[in-house]
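All of these numbers come straight from a predicted model, not from anything done at the bench.
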Amino acid sequence: MATTACFIIVSRNDIPIYEAEVGSATKREDAAQMHQFILHAALDIVQDLAWTTSAMYLKAIDRFNDMVVSVYVTAGHTRFMLLHDSRNDDGIKSFFQEVHELYIKILLNPLYLPGSRITSSHFDTKVRALARKYL
């Protein structure tokens, strides 16, 4: 598993709807804010790249020190963003694809309002298990 990883789902309106620290490294006090800042700064790059390619998995789009931002864009322009320090491209792609399946199941729930925060503990548990498996 990556020693540091932060996963976030951003809606098409640039609103974060899910966030999880999935790394195994010891947490610094300001690490969460730093990860949010790096991922937020990468949104502009994602916006530009999303319209120039038909691929959903955009791979590594940005770097900050030894951290890499990998992105997966759904057909509805929801962005799955992962900040990590590993080089496992196949594992990251598989992680994104399986999280996409989980996200679709959330969208199919009639009680979920698209674009609102995902608060399901089941979803959170599954995402963290996928992170342990693939990252």
J.: I'd like to check the side chain to side chain donor-acceptor pair (under 3.5 Å) partners of D124; sequence neighbours left out, ordered by chain and number.
T.: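 D124: side chain to side chain donor-acceptor pair (under 3.5 Å) contacts with Y18, R128.
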
J.: Quick one, Q47 and R79 - any side-chain contact, counting heavy atoms below 4.5 Å?
T.: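 Counting from C-beta outward, Q47 and R79 do come under 4.5 Å.
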
J.: Examine L102 and L107 and state if one hydrophobic cluster contains both, with Ile, Leu, Val, Met, Phe, Trp and Tyr joined whenever side-chain heavy atoms are less than 4.5 Å apart.
T.: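 Same hydrophobic cluster.
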
J.: Quick one, L49 with I61, criterion side-chain contact (heavy atoms from CB on, under 4.5 Å). Give me CA distance, side-chain angles, the key distance, then yes/no.
T.: CA-CA 9 Å; L49 285 176; I61 60 145; 3.5 Å; yes

J.: Does the side chain of I45 come within less than 4.5 Å of V69's, by heavy atoms?
T.: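 The answer is no; the side chains never approach within 4.5 Å.
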
J.: Short question: side chain of D66, backbone of D85 - any donor-acceptor pair under 3.5 Å?
T.: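 Judged by distance alone, no pair lies under 3.5 Å.
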
J.: Got M81 and V46 here, is their nearest side-chain heavy-atom distance under 4.5 Å?
T.: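 The answer is yes, as the side chains (C-beta and beyond) meet within the 4.5 Å cut-off.
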
J.: Compare every heavy atom of G115 with every heavy atom of I17, then report the nearest pair and how far apart it is.
T.: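 Here I17 and G115 meet closest at CG2-O, 3.3 Å.
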
J.: Calculate, to the nearest 0.5 Å, the distance between atoms CG and CZ belonging to L83 and F37 respectively.
T.: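 It comes to 12.5 Å.
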
J.: Apply side-chain contact (heavy atoms from CB on, under 4.5 Å) to residues C6 and L82 and explain how you reach the verdict.
T.: CA-CA 6 Å; C6 178; L82 181 69; over 6 Å; no

J.: Quick one: are K105 and F123 in side-chain contact, heavy atoms under 4.5 Å?
T.: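 No, side chains not in contact.
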
J.: What do you reckon, is CZ of R117 surrounded by more than 12 foreign heavy atoms closer than 6.0 Å?
T.: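 Correct, the count exceeds 12.
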
J.: State, with a plain yes or no, whether a side-chain heavy atom of S70 is found less than 4.5 Å away from one of H84.
T.: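 Answer yes - side chains close enough.
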
J.: Within a radius of less than 6.0 Å around CG of D90, do more than 12 heavy atoms belonging to other residues, nucleotides or ligands occur?
T.: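 No - once you tally the heavy atoms of other residues, nucleotides and ligands closer than 6.0 Å, there are 12 at most.
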
J.: Could you report the tightest heavy-atom contact between S120 and I106, atom names first, then the distance?
T.: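 Residues S120 and I106, closest heavy atoms: CB-CD1, 4.2 Å.
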
J.: Would you please name every residue forming a side chain to side chain contact (heavy atoms under 4.5 Å, CB included) with N65, sequence neighbours left out?
T.: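 Expected list: none.
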
J.: Looking only at heavy atoms, which two atoms of S94 and Y134 are closest? And how far apart?
T.: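 So the minimum-distance heavy-atom pair works out to CB-CE2, 3.5 Å.
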
J.: Taking side chain to side chain contact (heavy atoms under 4.5 Å, CB included) as the criterion, tell me which of L39, I8, V10, I118 meets it with E19.
T.: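 Exactly one candidate clears the test, I8.
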
J.: Membership question, hydrophobic clusters at under 4.5 Å side-chain separation (ILVMFWY): are V68 and M56 in the same one?
T.: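 Different clusters.
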
J.: Can you list the residues that meet the ring-ring contact (aromatic ring centres under 6.0 Å, His included) rule with F96, with sequence neighbours excluded?
T.: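 Partners of F96 under the ring-ring contact (aromatic ring centres under 6.0 Å, His included) test: Y57, Y72.
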
J.: Kindly determine whether L135 and F95 satisfy side-chain contact (heavy atoms from CB on, under 4.5 Å), including the steps that lead there.
T.: CA-CA 8 Å; L135 303 180; F95 171 75; 4.3 Å; yes

J.: Scan V73, V71, T74 and name whichever one has a side chain to side chain contact (heavy atoms under 4.5 Å, CB included) with F80.
T.: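 It is T74; the other options fail the test.
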
J.: Before you tell me yes or no, could you show the steps for T52 and D48 under side-chain contact (heavy atoms from CB on, under 4.5 Å), namely the whole-Å CA-CA distance, both residues' side-chain angles and the distance that decides it to 0.1 Å?
T.: CA-CA 7 Å; T52 60; D48 293 340; 5.9 Å; no

J.: May I ask you to check whether over 12 heavy atoms, not counting those of H40, lie within 6.0 Å of atom NE2?
T.: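 Not buried by this count: 12 neighbours or fewer within 6.0 Å.
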
J.: Would you find a donor on one side and an acceptor on the other, under 3.5 Å apart, between the side chain of N13 and the backbone of I15?
T.: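 The answer is no, because no donor-acceptor pair under 3.5 Å joins these two groups.
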
